[in-house]
Structures are given as structure tokens and as C-alpha cells.
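See below for the structure under consideration.
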Number of protein chains: 2
Amino acid sequence: MSSSCSHHGLQASQYTILLFLSISLAFFNVEATVHHLKWEIKYDFKSPDCFKKLAITINGLTPGPTITATQGDTLVIDVTNSLLTENVAIHWHGIRQIGTPWSDGTEGVTQCPIQPGDTFTYRFVVDRAGTYMYHAHYGMQRSAGLNGLLRVLVPQGTVEPFEYDEERLLVLNDWWHKSTYEQAAGLSSPSFEWVGEPQSLLINGRGKYNCSLAGAMDLCNEENSECLPESFTVVQGKTYRFRIASVASLSAFNLEIEGHIMTIVEADGHYVDPVIVKNLNIYSGETYSVIVKADQDKSRNYWVALNVVSRKPNTSTGTAILNYYPNHPLKSPPTIAPVGALWNDTAYRVNQSKSILSHPNYIEAPPRTTDRTIILLNTQNKINGHMKWAINNVSFTLPTTPYLIAMKNHLHHVFSQKPAPETYDYENYDIHTVLSNPNTSSSNSIYRLEFGSTVDIILQNANTLSPNNSETHPWHLHGHDFWVLGYGKNKFDPKVDPKNYNLVNPIQRNTVPLHPYGWTALRFRANNPGVWAFHCHIEAHFFMGMGVVFEAGVEKVGKLPKSIRGCGEAK
Amino acid sequence: MSSSCSHHGLQASQYTILLFLSISLAFFNVEATVHHLKWEIKYDFKSPDCFKKLAITINGLTPGPTITATQGDTLVIDVTNSLLTENVAIHWHGIRQIGTPWSDGTEGVTQCPIQPGDTFTYRFVVDRAGTYMYHAHYGMQRSAGLNGLLRVLVPQGTVEPFEYDEERLLVLNDWWHKSTYEQAAGLSSPSFEWVGEPQSLLINGRGKYNCSLAGAMDLCNEENSECLPESFTVVQGKTYRFRIASVASLSAFNLEIEGHIMTIVEADGHYVDPVIVKNLNIYSGETYSVIVKADQDKSRNYWVALNVVSRKPNTSTGTAILNYYPNHPLKSPPTIAPVGALWNDTAYRVNQSKSILSHPNYIEAPPRTTDRTIILLNTQNKINGHMKWAINNVSFTLPTTPYLIAMKNHLHHVFSQKPAPETYDYENYDIHTVLSNPNTSSSNSIYRLEFGSTVDIILQNANTLSPNNSETHPWHLHGHDFWVLGYGKNKFDPKVDPKNYNLVNPIQRNTVPLHPYGWTALRFRANNPGVWAFHCHIEAHFFMGMGVVFEAGVEKVGKLPKSIRGCGEAK
């Protein structure tokens with residue numbers, strides 16, 4: 001594989017980039033293009049599910065505009081914050097930001113938030129083709145509507161290991177009528193108000209709430225054109241690539257296209273050994289491409305059905321329409337929308353997770369051994385009566401001064417210098433029972449990794465504070481992809497389980513589910529200089545402390561742009 | 001009058017104060033005390049009128065804690081922003097901030113907003129006894145609940161020109177169930193959604209909404225103890241000073257204590273030649289002290305009634321209870337609450353405004369002549385279809401870099417250097433008709449005043465964009481008090497009207513109403529070095545551009561504390 005680089009787009013006058021690493025395995029487009037986007041972030045009233053509420057929009061849209069670029073291109077995105085009193089930051093989920101860790105958009109980790117009235121420029125190379133997403137990474141703003149799809153095409157002439165005629169794009173989301181302020185205040189209050197199940201499921205920002213259930217009838221109007229269903233027009237006999245991203249705040253989804261099988265061919269920018277499924281389980285932060293052949297009766301339309309799994313559903317099926325030309329795009333299918341997989345069939349979901357393996361022609365085998373193993377026990381806890389999540393009994397908090405700035409400027413006092421805990425007492429801890437003492441403490445301590453080393457992460461699930469309950473947590477790593485070495489039931493045994501790791505053809509990705517009462521084993525190379533978040537992608541869970549931070553090679557990071565400063569001790 | 005100063009409290013280590021001006025005419029307490037307060041600003045669910053919504057609180061309270069200090073004391077207030085993603089700034093309304101213009105708390109004018117996680121310290125001397133208030137001065141946060149009373153006592157041994165046995169405190173407010181985000185987004189949207197009349201009127205943060213009108217019944221509970229009425233216990237025969245502040249977002253209020261007359265004795269920190277009234281008109285940003293004698297039948301309680309005037313009321317009377325000991329504090333009076341003055345009796349309100357004059361023993365006469373007269377025409381306008389307010393056809397906007405920092409650092413490019421317009425075409429403009437072309441433009445241009453000069457301001461009202469409509473605008477000046485030289489009907493005539501100015505015993509204050517279709521004439525000395533906002537205190541009106549900014553003697557301002565920086569070009 002070639003690793004030739006074209007860096008035309010990177011010599012921005014306002015940035016001084018001292019370091020480029022050629023560690024990417026991707027092709028770079030020799031004729032790299034610089035895409036200059038201008039985005040205004042503001043609040044607008046929207047009725048995505050017929051219920052009118054404030055949403056955070058990009059240039060008036062939620063989901064925001066789909067970004068399309070070609071591998072090797074540079075994206076320059078001027079983000080103007082027109083929220084009134086609120087700051088913002090945007091994460092480019094799946095883009096590793098090699099050489100530009102300050103453009104990762106993670107408030108508290110890689111940058112200060114963008115203040116009202118300011119324009120911040122994100123500038124980075126999209127160095128690998130695939131399906132990605134972007135979304136706010138500050139407070140709970142992602143759930144307020146600041147999200148969208150990022151599509152990176154292969155360079156012209158490059159052949160992908162599957163064929164299709166056209167593409168269709170799906171952004172999947174769950175939606176609440178309460179503002180994210182109300183959600184966050186509820187989560188933070190001593191009495192604890194959980195966000196609850198979503199009011200609607202959205203496909204490309206469109207859903208349908210039953211307005212007769214709405215307290216304030218004047219806010220809900222089922223005739224509003226904003227909540228007409230999304231329709232994907234297809235022509236019988238043609239083949240389609242559906243690029244799918246879940247920006248969900250909470251829900252694990254099952255996606256089914258009535259009467260059509262899907263072939264999974266891409267996960268998080270990596271080609272998959274094709275898997276044929278009736279429906280696709282997709283967790284928050286994951287992206288997939290599936291191939292769908294329009295091979296059914298063309299005299300009718302079909303449902304695209306989005307259902308909640310893993311949590312007991314209390315939300316109607318989200319629906320869009322697969323429209324066979326020349327039927328009317330909004331003609332209702334004559335059937336009832338599929339209900340998808342059984343919500344509590346964990347084995348079904350684990351098996352589908354296990355089936356996602358690297359395409360044989362694109363295998364990049366993981367290192368045979370690891371330099372370090374970190375076991376992360378996921379538990380629900382309390383601090384002073386407030387509900388929290390903790391990793392190895394530490395509930396994560398973000399410092400006021402972002403780590404990247406703090407470390408480059410040797411501001412050791414702005415976060416705990418005590419190393420974050422490497423494991424938990426796995427010999428004695430019973431993951432199947434409710435903690436007898438749920439009290440824990442919070443910290444902003446981090447893991448410092450040796451640059452270039454190989455690191456294994458074992459995500460270990462456990463019972464929550466409710467008896468007989470363990471949840472699904474989709475964990476997302478910034479700045480890297482990891483190999484998924486294995487999934488297991490019950491407690492991970494560090495002596496036995498590594499023997500069964502898949503070191504032959506594991507998929508690489510950036511987001512992976514930790515299934516109920518199970519474990520998930522990951523391996524990655526700490527070869528991207530910077531400071532990187534690794535966290536549960538359920539927005540409320542990260543807000544309640546479910547995350548960690550890795551540092552590696554921060555001394556190799558080039559001079560930080562001044563624009564990321566402006567908060568805490570980085571004013 | 002003495003003007004001796006005690007500056008003990010000002011030598012804060014983090015501030016370098018180079019300049020003290022002894023221009024204050026107030027007494028200073030020789031034994032000045034430093035009051036150190038620690039405030040946490042956050043969102044909490046509150047039910048002030050039985051309807052549960054998010055409010056911005058100080059240490060869990062809205063209104064916030066009443067500050068009590070003695071003239072000459074220093075207040076040191078550490079404000080920690082625990083809002084999740086939102087910045088904040090707090091204005092100390094009525095405190096002139098002599099020598100400390102950076103502590104005025106006006107976002108965009110005197111400081112950058114305080115970011116989440118940060119603690120900002122306000123430090124200033126309360127140099128004149130009186131009744132004041134504090135409130136957020138950023139976006140529309142005041143209306144979200146961030147407000148309270150600031151009470152400055154006379155030094156021990158100082159006799160005031162009235163007597164009373166005890167004090168009672170009243171913070172008056174109007175209250176909406178929509179969030180201030182929704183309000184602001186509605187005001188900013190091209191379709192324009194006006195905030196509408198308030199759902200409730202609050203006395204000390206307590207009102208009562210008729211829950212049967214609430215769409216979402218689960219949010220409204222009339223049995224909630226948070227919305228029990230405020231009760232002021234009095235003992236028959238005793239005399240009470242009611243200190244009253246209106247932090248209202250929109251409404252002009254009429255306050256009446258059933259069966260009791262009030263004697264107005266203080267306005268905005270200045271002693272008033274006593275005025276006996278049946279009820280008090282009080283505009284947003286104003287404070288009063290009234291003396292009330294408990295001289296009625298002690299076998300029952302009486303209503304304290306708050307009604308909307310000037311706008312057609314669509315809100316129930318706000319009520320509290322004047323409780324004669326030993327009746328139960330919450331025993332309902334046997335009567336119906338007073339409805340106050342007729343809402344559209346402008347003449348009644350103008351006459352009461354005119355009756356507020358300086359106490360004869362405390363007259364500080366204004367300069368006989370002025371150095372400059374600025375006439376400010378108040379009009380409703382449109383910009384690209386958005387509804388705005390404009391002053392002399394300029395709709396005001398705040399710069400991203402605060403004026404005070406910009407001017408001290410000679411950042412001339414961060415705001416328009418074109419002088420703001422000195423007047424309007426008063427010979428030809430018809431203030432009684434709707435503008436034929438309502439389009440205008442916005443600017444952040446300001447008025448630069450010669451330091452020490454005397455400036456007259458003529459506020460000129462006009463018809464709004466609705467036929468036969470002119471509104472009441474309470475204008476508030478930061479950093480100074482002004483003399484109220486006169487009120488007039490129709491168009492101010494610069495040749496004739498100044499001859500009728502009251503130069504004998506005008507009241508000094510910081511907030512004054514501009515009545516419908518009328519004018520109000522003010523005079524002040526530009527003798528406080530700094531940059532100062534002057535604006536309509538109706539929160540939505542200032543948000544829509546109804547304000548100006550004055551600079552005077554900025555070169556005399558001491559070295560600015562670093563803590564006010566952190567935004568725009570002041571990072």
C-alpha cells in the first residue's frame with residue numbers, strides 16, 4: 001500500500017504545523033482538494049417529529065449538511081457560533097486527525113469551546129475513505145441537533161470490494177421534546193431525573209410523534225411538512241449503497257428495510273467481509289455501509305423501519321419509505337412497518353457484532369502481542385446522592401483547561417496527575433449483583449501511554465444499580481481505530497480469554513458495543529500524538545462520567561494554534 | 001457634604017488599581033467592611049408560579065440572596081459558573097463602579113462573559129446608601145431568574161429623612177414558561193415570535209399560575225409549596241419601609257397594598273420629597289422605598305397586589321399577603337385583590353413620574369447648562385424582515401470584544417469608529433404615525449463624551465409599527481445617576497422645552513420611564529471614567545437593539561484586571 005502524501009491543503013497561514021506523520025495506511029489523493037465550508041451554528045425552531053422545539057442547527061439545518069470529500073482532501077470549516085450565550089465545539093467522528101489533534105473538536109480535551117460571536121476554523125485531512133459523522137462534543141449539544149454525516153470517497157480509479165449503482169444516506173437519531181438543558185439539569189439534580197426513553201426516532205431528521213399524546217397541542221402539528229417521512233427512491237433492478245450513521249443520544253437501533261436483505265460491507269471506514277442480514281443493529285457512534293438490491297415488487301413502496309433494542313422500547317418505530325419508482329415517494333406501504341429484532345435478544349446482537357470481520361483483501365493484522373492491558377470496569381454509582389457512571393470506580397470529569405493545552409504548556413495543576421486506575425479487583429468483584437456501596441468519587445486523571453506502544457483495552461460490563469440489569473454501552477475512541485479482538489460473556493479472565501482473541505481478521509473501527517454482562521476486547525497502537533477521549537457514546541452516560549482519556553506522544557504534537565485557547569488557564 | 005474615602009477593601013492582590021477618583025458625594029463608612037460572598041450559578045428546576053421550569057439560580061435560589069452592606073463597604077463576590085455550556089455576567093444595577101468600571105458586569109461592554117467552570121471575582125465599593133438590584137447582563141438570562149436585591153445601609157449614626165420600625169423587601173418580576181432560549185430564538189427568527197405577555201407576576205419569586213390553563217398538567221401543581229404566596233408580617237401600629245425593586249423583563253407594574261397608603265421616600269438610592277400614593281407605578285430597573293404604616297384592622301390580612309400597566313394586561317394580578325400579626329401569615333384576605341391603576345391611563349403614570357422630586361434636604365442641583373445635547377429617537381424597525389428597535393435609526397449590537405478592553409488596548413477595528421448619531425430629523429419626523437419605511441441597519445457605534453462634561457439626553461418616543469401604539473421604555477444608565485429634568489408630551493422642541501426644565505429640585509436616578517408618545521429629558525456629568533451602557537431595561541427590547549453606549553475618560557481607567565478578558569480579541 002502506498003503512503004504517499006499530498007499536503008497542499010495544510011499550510012494555512014494561521015496554523016503553524018511542525019509535524020506530519022506518515023503513519024496513515026490510506027491512499028492519499030494526489031490531486032487533493034481543499035473544501036472550504038462556512039457554518040453558522042444557531043438555535044432554530046424545528047418540528048422534526050411534528051413537535052415544535054428549539055434545535056441547534058448548522059446553516060439552518062438539523063441534521064447538518066452532509067460533507068462529501070475525497071480521501072486525501074482537506075476540510076476547512078469555519079464555524080461561527082451564533083448561539084446566544086452558549087459555547088460550542090464540533091467533533092469529526094472517525095477522522096483520526098493525524099498531525100492535527102487540535103482539530104478533534106472535543107471540548108475540555110483538545111480545545112476550549114467556541115464562544116458566541118467567534119468563528120473557529122477546523123482544518124484537517126480526511127485521510128481514509130469511508131462513512132463518518134460529525135457532531136457537537138460539548139455538554140449535551142449533540143442531542144439538541146448538532147450532528148451530520150461525513151462521507152469520504154475513494155480516490156478516482158480506486159475500486160472498492162463491492163459494486164452499486166447509487167448511494168443513499170441515512171442519519172439515525174433519537175429525539176426528546178425536553179431541551180438538553182432540562183435533560184442535563186435533571187441528570188445533575190440530587191433527586192435525579194433520567195432523560196427517559198425518546199419521544200421519537202428520526203431518519204434523516206424526520207419522524208412522527210402522535211400529537212394526541214402531546215400536552216401542548218399548539219406545539220404539535222402532524223400536518224407540518226417538516227415531519228413528512230424521508231423517502232429513498234430506488235429503481236427496480238438497481239443496487240444501492242446505504243451509508244448509515246447513528247448519532248443517537250441513547251438508543252441502540254435495529255434498522256430493517258422491509259422485504260430486502262442488507263449486505264454489510266463497511267464499518268467505521270473499514271471494509272467488512274460481507275455479512276448478509278435481515279436487519280442491522282447499529283449503536284450510537286457507529287457507521288455502516290450496506291448494499292441493498294432493489295429486487296422486490298415495484299408496484300408498491302416498502303418501510304424502512306428503525307426500532308429500539310437493548311432497552312425496553314417505549315418509542316414508536318421510526319419509519320421512512322423505500323420508494324420504488326414510479327410510485328409516489330410518500331405513498332404508504334400496504335403493510336405494517338417491521339418491528340425488527342427482539343429488543344432483549346442480547347445473543348442475537350452479540351452474534352451480529354461477532355460477525356463483523358475485516359474483508360479478506362483489506363486485512364491489516366494487529367500486533368501479535370500487547371505492551372499493556374487496561375481493564376475498564378463499567379459501573380453505575382453515586383456521588384453525594386447524584387447518579388453517576390464510573391470506570392474502575394472513578395467517575396470522569398473534564399478539566400476547565402483542555403488537556404492538550406495543559407500538557408503542551410506543562411500546566412500540571414489543572415488536572416489530577418495521579419494515573420487513572422489500570423484495572424479493578426476482578427478476582428473478587430461480582431459483575432452480576434448490585435453494588436452494596438455505590439458511592440464513588442470523581443477525577444480528571446488520565447492514562448498516559450507510551451508512544452507507539454500496543455495497548456489492549458478490556459471493557460467489562462456489570463450490573464447497574466437496578467437488580468438484573470446491565471446495559472449496552474457503545475464506546476468510541478478518538479484519534480485511532482482499534483482492532484476488535486473479541487466479545488465474551490460474564491467476567492473477562494485475563495489468563496484465559498486472550499487465548500481466544502481473533503488476531504487473524506479482526507475488524508478495525510472506532511466505536512464498539514459493550515454488551516450486557518459481557519466484555520469486549522480491543523487493541524490499538526498509540527501512534528497518534530495527542531490527547532484522546534475514549535468514552536461511552538451515550539450522551540447522558542458520558543455526561544455522568546463514563547469516559548477516560550489517553551495521552552500518547554504529546555511532546556511530538558506541533559505548535560498548538562492559538563485559536564483553541566480562551567478558557568480556564570488558557571486565556 | 002463630606003467626600004472622605006476609605007479604600008481598605010480595594011487593594012485586592014489580583015487587581016492593580018491605579019486610580020481612585022474622589023468624585024463621589026456620598027458618605028463613606030470609616031470602618032468599611034469587606035463582604036466576601038461565594039456564588040454558584042446553575043440551572044435548577046423551580047416552580048415559582050406552580051409551573052415547573054428551568055431557572056438560573058444563585059446558590060440554588062431565584063431571586064438570589066439579598067445582599068446587605070453598609071455604605072463604603074466593599075463587596076467581593078466570587079461567581080462560579082456551573083451552567084453547563086453557557087456563559088454568564090452579573091450587573092450591579094445602581095452601583096456606579098467608581099474606579100472599578102470593569103466590575104460593572106455588562107457583557108460586551110465591560111467584560112467577557114464568565115465561562116462554564118470559571119470563577120470570576122467582582123470587587124467594588126458600595127459608595128452610597130440605597131436600594132439597588134443585581135441581575136444577569138448577558139443574553140436574556142435576567143429573565144431566566146438570575147436577579148436579586150442589593151441593600152446598602154446608611155452608616156451607623158446617620159439619620160435618614162424618614163422613620164420606620166422595620167424593613168420589608170420586595171423583588172417584583174414577570175415570568176414566562178418558555179425558556180429564554182425559546183424567547184430569544186423567537187425574537188431572532190424571520191417570522192418573529194414576540195415573547196408575549198407573561199404567564200405570571202412574581203413577588204419575591206412567588207406567584208400562582210392557574211394550572212388548568214397549563215398544557216402539560218404534570219408540570220403544574222398548585223399544591224407545590226414553592227408557589228405559596230409571599231407574606232409580609234406586620235404589627236398594628238408599627239411603620240415599615242418597603243424596599244422595592246422591579247427586575248421585570250417586560251412589564252410596567254402598579255403595586256398596591258390594599259387599604260394602605262404608601263409614602264415614596266427613596267428612588268434609585270436618592271431621597272425623595274415624600275409623595276403619598278395609593279399605588280406605585282414601578283418600571284423595570286427602578287427601585288423605591290415606600291413607608292407604610294400598619295394602621296388598619298388587625299383582625300384580617302390584606303392583599304399586596306401587583307398589576308401590569310402600560311401594556312394591555314393578559315396576566316392575573318400577582319399577589320402577596322400583608323399579614324397582620326397574629327393572623328396566620330397565609331390566611332387569605334376576605335376581599336378581592338386590588339386591580340391597581342387603569343392600565344392605559346398614561347396621564348396618571350406621567351403625573352406620578354413628575355411627582356418624584358429630590359428631598360429638599362438632599363438637593364444636589366444639576367449644572368445650569370449643558371455642554372452637549374443628544375436626542376435619542378426610539379423607533380421600532382425591521383432589518384431583513386427581522387423586527388428590531390433602533391435609536392436614531394441605528395439598531396444597537398454588541399461587539400465580540402468588550403468596548404472597555406478594546407479601547408484600553410486601542411483595538412479600533414473591533415467596533416465601528418463612526419460616531420453614533422446625535423439626533424434625528426425632528427423637524428420633519430412625525431412621531432404619531434407608523435414609519436412608511438421601517439427598514440434600518442445595525443451598528444455597534446458609540447458616543448464618546450468629553451470627560452467631566454455635562455450631557456443632556458432627550459429620550460423621544462414615537463409610534464411603533466402598529467397603528468396608534470407607543471410603548472413605555474424604562475431607560476437605565478450604567479455608571480452614573482442622571483437628573484430627571486422633565487417629561488413632556490409629543491415631540492420635544494429643543495428651542496422651547498429646555499426653558500421648562502426643573503433645575504431646582506430634580507430627582508437623580510439611574511432608570512427613568514419614557515412614556516408613550518412623550519419625551520424625557522435627562523442631564524448627567526460624564527465624570528466616571530469608563531464605558532457605560534444606556535439602554536431600555538425591557539430585556540427583549542435591548543436584545544432587539546434598543547440601547548447605546550457612552551465612553552468618557554477611558555484613558556483615566558486603571559489597568560484592567562486580566563480576569564475580564566477571554567473573548568473576541570481579548571483572549
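Residue numbering restarts at 1 for every chain, and letters A, B, ... go by the order of the sequence lines. Quick note: numbers below take in every heavy atom, side chains included, and nothing from hydrogens, waters or symmetry partners.
Between A:G117 and B:T400 the shortest heavy-atom distance is O-OG1, 3.8 Å. A:P116 approaches B:N87 most closely through the heavy-atom pair CD-ND2, 3.5 Å. Of all heavy-atom pairs between A:E182 and B:L54, the closest is N-CD1, 3.5 Å.
Heavy atoms closer than 4.5 Å to chain B are found in the side chain of A:E193, but not in its backbone. Heavy-atom distances place the side chain of B:K52, and not its backbone, under 4.5 Å from chain A. The part of A:F45 that comes within reach of chain B is its side chain, from C-beta onward, which places non-hydrogen atoms under 4.5 angstrom from that chain. Residue contact with chain A, scored on non-hydrogen atoms closer than 4.5 Å, involves the side chain of B:Q141 exclusively. For chain A, no part of B:P399 is nearby; none of its heavy atoms comes within less than 4.5 Å.
With chain B as the partner, the residue from A:A89, A:G186, A:S191, A:A185 showing the most heavy-atom pairs under 4.5 Å is A:A185. The greatest number of non-hydrogen atom pairs below 4.5 Å with chain A, out of B:S188, B:A184, B:C567, is found for B:C567.
Taken to the nearest 0.5 Å, the CG atom of A:L84 stands 8.0 Å off from the OG1 atom of B:T180. Distance check, rounded to the nearest 0.5 Å: NZ of A:K571 to CG of B:D118 gives 3.5 Å. If you take OG on A:S189 and OH on B:Y43, they are separated by 15.5 Å, rounding to the nearest 0.5 Å. To the nearest 0.5 Å, the span separating CG on A:L83 from OH on B:Y181 amounts to 8.0 Å.
Counting non-hydrogen atoms of other residues, nucleotides and ligands closer than 6.0 Å to CD of B:Q417 gives a total above 12.
A:Q115 contributes a side-chain N or O that, together with a main-chain N or O of B:G566, makes up a donor-acceptor pair within less than 3.5 Å.
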